[in-house]
Amino acid sequence: MTYLRRSVILFLLTLPIGGCDTLDAPRLEPVRFAPVSVAPFADPGSLTDAWADVDGDGDPDRFVGFNGTSSRLYRNDGGLRFTDVASELSLDVARPVRTAAWGDYDADGDPDLLLGFAGDGPSVGLYRNQGDAGFVDVAESLGLSLEGVATRQASWVDTDGDGDLDLFLALRDAPNRLWRNDGTTFADVTEASGIGDPRRSVGAVWFDFDEDGDLDVYVANMNGDANGMWRNTGGAFEDVAEALGLDGGGRPLGDEGLGTVRPCAVDFDHDGHLDLSTANYGTDGLLRNPGPSGGRWEDVGGTVGLALDSRYDTCAWGDFDHDGRVDYFVNGTVTGGQQYADHLYRREGGSRFVDVTPPEILATAGDHGATWVDADRDGDLDLAFNGVGDDGSHPLLQNLLKPEFQDHSVQVRVVDERGAAVRPGAEVRVYVAGTNQLLGMGLVDTGSGYDAQNDLPVHVAVPGAQPIDVVVTFPDGTTRRTARVDGVDVRADGPWLEVVVRD
């Protein structure tokens, strides 16, 4: 059973409806970003960037993990004012943080934080959110002890459809791991599930690629290793990447210097099915989903102008200009003493992407994590990313989209009947009201950025702020349940919508 609940409206739209911008007639707004002036954001050495509403006040807070200095938790105090509260909340961890993932593992309505570390000591910590009492590490008591491995992407995701969050962890130097959430403890089901890929994994994204009602995972591997597409069949996983043409992810196989770092699931072509993009050492891939009928996926990166040959850490997709076309940010890594460039590509006309990287991005030395996030709650997407090098930083760039277009969007948070965000992998589709004309879709986060998972609403642009229908599809392990709310008026109601998916 499913039902829908509208959230408290936080923003009102007072602008007249314009005509619906189509993919054939884009509105090209100036690309303008400005760095948010928070002095600690200039500090170098950061690796992970993960956002969630930690204190339940309605705006997203920011965790940043560093390469051996104390991590930060920036509380969002509104108006782009941020305060580092990591020390008072016991999250000032002075270890190299290679993994950060927000997820409400105990389903109590607030986000908890999984951290993965490099170096001596435990490889993971699970920090339970206790509200004003701060965070406490409960990993060992819950059966998540892990030593001596190089952690990378962690994903909180309900792999068995029982209504709570299980934990997947991609490992750089050991077989990947899957733990089942049994309520009071976690059980290691890696061997039973067959998901323990021994290749050198650094990224992963979970989604129902074959639309059969359960969640599958695409795993990114480095050092020439092939990528894996692990199809879920009743809790057992089989790698079908080679048969589907997904093993290379756009780059050649077998070259130790090449690999895939971060995969992203995105419907770039507006056909209602999630495609894959890959940030690679080597040529990036953009892999078109043939749909549930099956068949091989086609790499169309060269056709649309995104076959970028460099060294990249992460892909991040978002419609930053609200023209109805999803845009692409990719950040270069720092390796071998070289800093590779970051790029912002906008889809402009037809299917082509054009490099529109603004000087505010070019002026930074970004690498590793990256997140599109509406940090100032004005309806459009701002951009945060990391820099681990000595000349790096962890800037937040405010999107200066014209005010008349800022709130031409809907931001959908998917929760269960308890208000817990335990539906990662759910798909959000937005249609012109009363039609089957798709405006856009997004995936409830299962691992965004690089080595990070955010707990943020799904953002979909609504060109012209026209009335819309919102449809949420959630794979529950056996079927694809669908809930919808029709006739959402973003002019009158604002962009904030909560969808409750009930068992």
Side-chain angles (χ1 to χ4, degrees), residues 31 152-153 172 199-205 218-229 241-242 244-266 268-269 275-289 296-318 326-348 350-358 361-370 383 385-389 392 449-451:
V31 182
R152 289 298 187 266
Q153 180 60 44
R172 187 72 171 78
R199 292 172 292 192
R200 291 158 285 192
S201 301
V202 294
V205 59
Y218 187 66
V219 177
N221 296 320
M222 285 293 288
N223 297 94
D225 289 344
N227 297 336
M229 172 59 89
E242 184 176 3
L244 297 178
L246 295 173
D247 50 337
R251 43 82 187 187
L253 296 175
D255 186 332
E256 278 281 329
L258 304 181
T260 298
V261 182
R262 177 78 198 112
C264 291
V266 58
F268 84 95
D269 55 2
D275 312 295
L276 282 168
S277 73
T278 54
N280 291 338
Y281 282 22
T283 305
D284 287 358
L286 183 59
L287 305 157
R288 176 176 283 151
N289 187 341
R296 290 179 64 85
W297 294 48
E298 179 187 6
D299 186 356
V300 297
T303 302
V304 303
L306 290 183
L308 316 174
D309 189 2
S310 186
R311 299 290 187 269
Y312 295 111
D313 277 335
T314 196
C315 44
W317 291 83
V326 67
D327 309 298
Y328 180 60
F329 174 78
V330 62
N331 67 354
T333 193
V334 55
T335 183
Q338 182 173 351
Q339 178 76 51
Y340 291 86
D342 308 331
H343 296 283
L344 176 60
Y345 284 84
R346 177 163 66 182
R347 189 172 171 189
E348 295 185 0
S351 60
R352 297 291 297 178
F353 288 82
V354 177
D355 190 343
V356 294
T357 311
I361 290 177
L362 294 173
T364 63
D367 52 77
H368 290 79
L383 181 62
F385 52 93
N386 301 112
V388 72
Y450 174 51
D451 300 353

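The shortest distance between side-chain heavy atoms of Y312 and V261 does not fall below 4.5 Å. Within the 4.5 Å cutoff, the side chain of D275 has heavy atoms near those of the R288 side chain. Using a 4.5 Å heavy-atom threshold, the side chains of L362 and H343 count as separate. The shortest distance between side-chain heavy atoms of L383 and I361 falls below 4.5 Å.
Heavy-atom minimum distance, G389 versus D367: N-OD2, 4.2 Å. Of all heavy-atom pairs spanning R199 and D225, the tightest one is CB-OD2, 3.5 Å. Nearest heavy atom pair, residue E242 against residue R296, reads O-NH1, 3.2 Å. The minimum heavy-atom distance linking A370 with T314 is given by the pair CB-CG2, 3.4 Å. Heavy-atom minimum distance, D342 versus G366: OD1-O, 3.2 Å. The nearest pair of heavy atoms linking V202 to M222 is CG2-CG, 3.6 Å.
Panel note: side chain T357, backbone L344; a donor-acceptor pair is recorded below 3.5 Å.
Atom SG in C315 sits 11.0 Å away from atom CG in L308 (nearest 0.5 Å). Separating the CD atom in E298 from the CG atom in L244 is a distance of 14.0 Å, to the nearest 0.5 Å. Here the CZ-CG distance, from F353 to D327, works out to 7.0 Å after rounding to the nearest 0.5 Å. The distance from atom OG of S310 to atom CG of N331, rounded to the nearest 0.5 Å, is 10.5 Å. In this structure, D451 CG and R152 CZ are separated by 6.0 Å, a value rounded to the nearest 0.5 Å. Rounded to the nearest 0.5 angstrom, L253 CG and D247 CG are separated by 5.5 Å.
In this structure, H368 and Y450 have tilted ring planes: the angle between them lies in the 30° to 60° band. Using bins of under 30°, 30° to 60° and over 60° for the plane-to-plane angle, the ring pair Y328/W317 lands in the tilted bin.
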CA sep, side-chain torsions, deciding dist, call: F268, L306, side-chain contact (heavy atoms from CB on, under 4.5 Å) | CA-CA 12 Å; F268 84 95; L306 290 183; over 6 Å; no
Output, in order, the C-alpha distance, side-chain angles, deciding distance and verdict of side-chain contact (heavy atoms from CB on, under 4.5 Å) for V205 and L276.
-> CA-CA 9 Å; V205 59; L276 282 168; 4.0 Å; yes
Taking it one step at a time, do N223 and R172 satisfy side-chain contact (heavy atoms from CB on, under 4.5 Å)?
-> CA-CA 10 Å; N223 297 94; R172 187 72 171 78; 2.7 Å; yes
Could you check V334 against V388 for side-chain contact (heavy atoms from CB on, under 4.5 Å), going step by step and ending with a plain yes or no?
-> CA-CA 8 Å; V334 55; V388 72; 3.5 Å; yes
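In the model, D313 has a side-chain atom that pairs as donor or acceptor with a side-chain atom of T333 under 3.5 Å. N280 and T260 form a side-chain donor-acceptor contact under 3.5 Å, judged by distance and modelled atom types alone.
Each of T278, D309, N227, D299 was scored for a side-chain hydrogen bond (donor to acceptor under 3.5 Å, both in side chains) with R251, with one residue passing: N227.
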